[in-house]
Amino acid sequence: MFDSIEKLLLGLATGIVFGFLLQKGQVAKFSVIVGQFLLKDWTVVKIMGTAVVVGSVGVFALVAAGQASLHVKPLLLGGVLLGGALFGVGMTVLGYCPGTTVAACGEGRRDAMAGVLGMFAGALAFVAAWPALQPVVKALGNEGKVTIPDLTGTSPWPWITGLALAGIAGAVLLRGFGNRTRLTPVAESGIPVGSGAET
Amino acid sequence: MTNPLSLKSWPPYAVGVGIGLLSWFAFATADKPLGISTSFENTAALTEKAALPGIEQSNGYFAAKAAEGTPPKIGWEWMLVLGVFVGAFFSARLSGDHSSETVPALWRWRFGASPAKRLAVAFLAGAVMMFGARLAQGCTSGHGISGSLQLAASSWVFSAVFFAVATATAFALYGREGADHV
């Protein structure tokens, strides 16, 4: 039921750095998450995109060196499509994703605390309904734990290179599309915006 | 020079590089991708196992997970989630960027200032979000970052779907004027 103490401490240390980064990245805030989906604040895309590009280089290098293995989730199209849609609705209404909900609780945000309780309730419901959900999850087939290089019979490195180039192009396109700092004087809601982003 | 730990925000690209490097660390030291929602499922399964005797026989979940070699447990992933809370707590304390806000400004503009309404909807939305994450077997961390960086087909499909639906939901709820109130 428990991992070894070393592994538990390693998980804790990794999580502390992760939470620190999420909080400093300003993504533990409703306004930044919903601002992304209103296509106003591109912080979420910038952080996730950079993490994917940087992460892929190192992780595939580790795999090539035999120091790690890939951990890919199966392409169960029914579950991924329905789950992705429910996730998108829930994330916008809540205003945080699962990791940033937990980080927002660390910031003290009360609505995120209600969100965490809801997340636990959702997990309870998922486990309880698991047998009934299986036909839905498998409704559109199971392609297994496949990667894009597997599906196309290619090496991962051209994909990683392409991803990095796309990331650079994206960064150029998003220049000036900012963070909440690029608020125009139109925002006359009388609400203090950008509580202290320093730029 | 200001201590960077006491800044309220770091540039998004720097944070992205940090999370990318942290992924290397997680794969190298624990052979694990960063992910948040798995531990919620594990905790839920352990809770139901403790509270509902006989569920291990009546609900095929437990046998299926045992067969996959991933029975519910308190493991690395669980501590990762705890760590996210602790790390965000200290980051916010060091910069003074903490807030006990219940009703965000945009929400107040659209749905009013009632804390009870905001908390109730946040609870329900959290439930829907987690139910979706477990149907898809991952969230913004497990699919969006960790799965995408592994070039997993499931994760790229998930990311495209959740981003499109989240954007449509945001415009349905707040409209174009919403952007002026973020």
Side-chain angles (χ1 to χ4, degrees), chain A residues 3 8 11-12 15-16 19-21 23-26 30 35 37-38 40 43 46-47 50-52 54-56 58 68 72-73 75 79-80 83-88 90 92-94 97-99 102-103 106-108 110-111 114-115 118-119 121-124 126-127 130 147-148 189 191 196, chain B residues 8-10 12 15-16 18-20 23-24 27 33 36 40 44-45 61 75-76 79-80 83-85 87-89 91-92 98 100 102 104-105 119 122-123 125-132 134-137 139-141 148-149 151-154 158 161-162 165-167 169-170 179 181-182:
Chain A
D3 273 344
L8 292 176
L12 182 67
I16 288 173
F20 213 94
L21 287 166
Q23 206 281 327
K24 291 290 183 224
Q26 299 277 299
F30 178 96
F37 297 128
L38 288 168
K40 164 133 187 180
T43 305
K46 289 176 182 175
I47 290 179
T50 311
V52 168
V54 171
S56 67
V72 169
K73 301 297 171 65
L75 183 56
V80 170
L86 291 174
F87 187 88
T92 296
V93 175
L94 178 56
C97 69
V102 176
E107 254 186 60
R110 299 293 188 264
D111 55 345
M119 281 157 59
L124 286 171
F126 174 79
V127 172
W130 190 87
T147 63
I148 296 168
S189 54
I191 291 147
Chain B
K8 283 190 178 164
S9 70
W10 291 349
V15 171
I19 295 174
S23 283
W24 302 10
F27 270 90
I36 298 291
F40 278 83
Y61 175 89
W76 184 91
M79 297 301 282
L80 184 82
V84 167
F85 175 83
F89 177 85
S91 171
H98 46 83
S100 54
T102 303
L119 292 173
F123 179 90
V128 169
M129 176 174 79
M130 181 55 67
F131 196 87
R134 295 326 302 160
L135 268 177
Q137 299 192 32
C139 64
T140 17
S141 306
S148 298
L149 72 84
L151 304 173
S154 54
F158 176 84
V161 170
F162 103 75
V165 172
T167 303
T169 306
H181 298 265
V182 170

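Note that the coordinates shown come from a computational prediction; the quantities given were computed from them, not determined experimentally. Values reported hereafter were calculated over all heavy atoms of this structure, with side chains retained and with hydrogens, waters and symmetry mates removed.
Note that OG1 of B/T140 is 3.5 Å distant from CZ of A/F87, once rounded to the nearest 0.5 Å. Note that CG of B/L80 and CD1 of A/I16 are 10.0 Å apart. Values are rounded to the nearest 0.5 Å. Annotation: the span from A/L86 atom CG to B/R134 atom CZ amounts to 13.5 Å, rounded to 0.5 Å. Taking CZ of B/F85 as the reference point, atom CD of A/Q23 lies at 12.0 Å (rounded to 0.5 Å). Note: A/E107 CD to B/S100 OG = 11.0 Å, rounded to the nearest 0.5 Å.
Contact between B/F123 and A/A121 at its shortest, heavy atoms only, is CZ-CB, 3.7 Å. B/W76 approaches A/D3 most closely through the heavy-atom pair N-OD2, 2.9 Å. A pairwise comparison of heavy atoms in B/A122 and A/D111 identifies CB-O, 3.5 Å as the closest pair. The shortest heavy-atom contact between A/M119 and B/F40 is CE-CZ, 3.4 Å. A pairwise comparison of heavy atoms in A/L75 and B/A153 identifies CD2-CB, 4.0 Å as the closest pair. Pairing each heavy atom of B/V15 with each of A/K24, the nearest pair is CG2-C, 4.3 Å.
Proximity to chain A (any heavy atom under 4.5 Å) is restricted, for B/S141, to the side chain, taken from C-beta onward. With a 4.5 Å cut-off on non-hydrogen atoms, B/I36 touches chain A through its side chain but not through its backbone.
Of the listed residues A/I148, A/V93, A/L38, A/V102, the one with more heavy-atom pairs under 4.5 angstrom with chain B than any other is A/L38. Contact count against chain A (heavy-atom pairs under 4.5 Å) is highest for B/M129 among B/M129, B/H98, B/Q137. Put simply, of B/P33, B/G126, B/A45, B/S23, the one with the most heavy-atom pairs under 4.5 Å next to chain A is B/G126.
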Full working for side-chain contact (heavy atoms from CB on, under 4.5 Å) between B/V161 and A/V80: CA-CA 9 Å; B/V161 170; A/V80 170; 5.9 Å; no
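No donor-acceptor pair closer than 3.5 Å links the side chain of B/S9 to the backbone N or O of A/Q26. Between the side chain of A/K46 and the backbone N or O of B/P12 there is no donor-acceptor pair closer than 3.5 Å.
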